[in-house]
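Okay, structure first, notes after.
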Amino acid sequence: MASRSAPDSLLLVQDLVNTLDIETGADALCADGGLGAFLHDHGEPELAPGRGEPAALEELRELREALREVCLAHTAGTAVPERTARTLDRLLAAAPLVLSVHPDGGAALRPVAGLRGAAHLTARIAAGIATAVADGTWSRLKACEAHDCRWVFYDKSPAGRSRWCTMAVCGSRAKMRTYRARRAESG
């Protein structure tokens, strides 16, 4: 799995989705202390009041998989499944944003005051996605087409048509499977 880093606005999305290694099944969020470590490493040291770790973990895992589905849609060039869009709408609605105008005249979306932990992280993800949509980079955040990988990468290719996290591993495997299937068909 290559780590083609996304722009700053999308790095948090990439980091969250890549907490699950599909090939090995290792889930960094579910590891002992994993949720706390992820939140701390991304500037979110506290869970929101009244929200226990199991609820926050479930919400972030649900968000992670919905975002992976969006990244897969980017890879395939297809629409986001309706079920996934509804899930994201629900999760993002619970993490509201406000527009903050800076003294220099600039503006940015930021989480509503009082959000902490997983909800604050979700709001930051929403703000990053909004920024990426505005600057045209959102559709370049993709999930590897390989069923046993699904690692999220940022497509830096000129045409924006990369399908695998790395050509050396997942791309080679896919091409070899295609080659073997053609040889088997031809006899």
Side-chain angles (χ1 to χ4, degrees), residues 1 3-22 26-31 33-75 79-100 102 106-144 150-156 165:
M1 291 168 268
S3 172
R4 291 193 245 172
S5 289
D8 288 345
S9 60
L10 294 173
L11 199 52
L12 187 53
V13 175
Q14 183 179 32
D15 286 351
L16 176 63
V17 178
N18 287 342
T19 59
L20 176 64
D21 184 332
I22 300 283
D27 186 339
L29 293 179
C30 292
L35 175 61
F38 183 83
L39 291 173
H40 183 267
D41 290 349
H42 291 85
E44 305 293 342
E46 300 177 42
L47 291 174
R51 307 283 310 180
E53 188 169 322
L57 176 61
E58 187 52 40
E59 284 177 18
L60 284 179
R61 290 177 70 199
E62 189 176 19
L63 178 62
R64 174 183 68 194
E65 295 315 312
L67 290 169
R68 186 186 317 279
E69 289 295 320
V70 172
C71 292
L72 281 168
H74 290 169
T75 305
V80 174
E82 190 174 322
R83 172 191 50 78
T84 300
R86 283 193 312 268
T87 297
L88 282 172
D89 284 349
R90 176 178 48 79
L91 293 169
L92 296 173
L97 299 168
V98 295
L99 183 64
S100 177
H102 304 151
L109 292 170
R110 64 171 175 73
V112 168
L115 288 180
R116 290 199 309 240
H120 193 266
L121 187 89
T122 300
R124 286 179 46 216
I125 285 172
I129 291 170
T131 299
V133 168
D135 69 19
T137 58
W138 175 230
S139 63
R140 285 186 174 256
L141 192 65
K142 299 179 176 184
C144 184
R150 300 294 195 228
W151 200 251
V152 169
F153 65 95
Y154 186 74
D155 183 356
K156 293 181 180 178
C165 62

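- For the residue pair E69 and P81, the shortest heavy atom distance occurs at OE1-CG, 4.3 Å.
- When all heavy atoms are compared, the tightest approach of A66 to T84 is O-CG2, 3.4 Å.
- With contacts defined as side-chain heavy-atom distances shorter than 4.5 Å, the pair T122/L60 qualifies.
- Scanning both residues, A56 and L35, for their nearest heavy atoms gives CB-CD2, 4.1 Å.
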Could you go step by step and tell me if C30 and R61 meet the side-chain contact (heavy atoms from CB on, under 4.5 Å) rule? CA-CA 9 Å; C30 292; R61 290 177 70 199; 3.7 Å; yes
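- Salt-bridge check for D27 with R64: passed, with a basic side-chain N closer than 4.0 Å to an acidic carboxylate O.
- Rounding to the nearest 0.5 angstrom, the gap separating the CG atom in L92 from the CG atom in L63 is 6.5 Å.
- A 4.5 Å side-chain heavy-atom check between L109 and V98 finds every atom pair outside the cut-off.
- Between L20 and E65, some side-chain heavy-atom pair lies under the 4.5 Å cut-off.
- In this structure, the side chain of R140 engages the main chain of D155 through a donor-acceptor pair within 3.5 Å.
- In this structure, F153 and N18 have side chains that are not in contact, with every pair of non-hydrogen atoms separated by 4.5 Å or more.
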For R110 and R124, what are the C-alpha separation, side-chain angles and deciding distance, and is it a side-chain contact (heavy atoms from CB on, under 4.5 Å)? CA-CA 7 Å; R110 64 171 175 73; R124 286 179 46 216; over 6 Å; no
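- Nearest approach of L141 to A6, heavy atoms of both residues: CD1-CB, 3.9 Å.
- Between the CD atom in Q14 and the OG atom in S9 there is a gap of 11.0 Å [rounded to 0.5 Å].
- Considering only heavy atoms from C-beta on, P7 comes within 4.5 Å of Y154 through its side chain.
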I22 vs W151, side-chain contact (heavy atoms from CB on, under 4.5 Å): CA-CA, chis, key distance, verdict: CA-CA 8 Å; I22 300 283; W151 200 251; over 6 Å; no
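- With a 4.5 Å cut-off on side-chain heavy atoms, L67 and L88 count as touching.
- The only option from V80, V152, I129 that meets the side chain to side chain contact (heavy atoms under 4.5 Å, CB included) definition with V70 turns out to be V80.
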Would L91 and T87 count as a side-chain contact (heavy atoms from CB on, under 4.5 Å) if you check the C-alpha gap in whole Å, the side-chain angles of each, and the deciding distance to 0.1 Å? CA-CA 6 Å; L91 293 169; T87 297; 3.8 Å; yes
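- When all heavy atoms of A94 and L115 are compared, the pair lying nearest together is O-CD2, 4.4 Å.
- Within the 4.5 Å cutoff, the side chain of R90 has heavy atoms near those of the E62 side chain.
- Nearest heavy atom pair, residue F38 against residue L16, reads CZ-CA, 3.7 Å.
- Not one N or O on the side chain of H120 forms a donor-acceptor pair closer than 3.5 Å with the backbone of E44.
- Although no hydrogens or angles enter the test, the distance criterion places no donor-acceptor pair under 3.5 Å between the side chain of D21 and the main chain of A26.
- Checked for salt-bridge contact, E82 and R86 meet the test: a charged N lies under 4.0 Å from a carboxylate O.
- The CZ atom of R68 sits 11.5 Å away from atom OG1 of T75, with the distance rounded to the nearest 0.5 Å.
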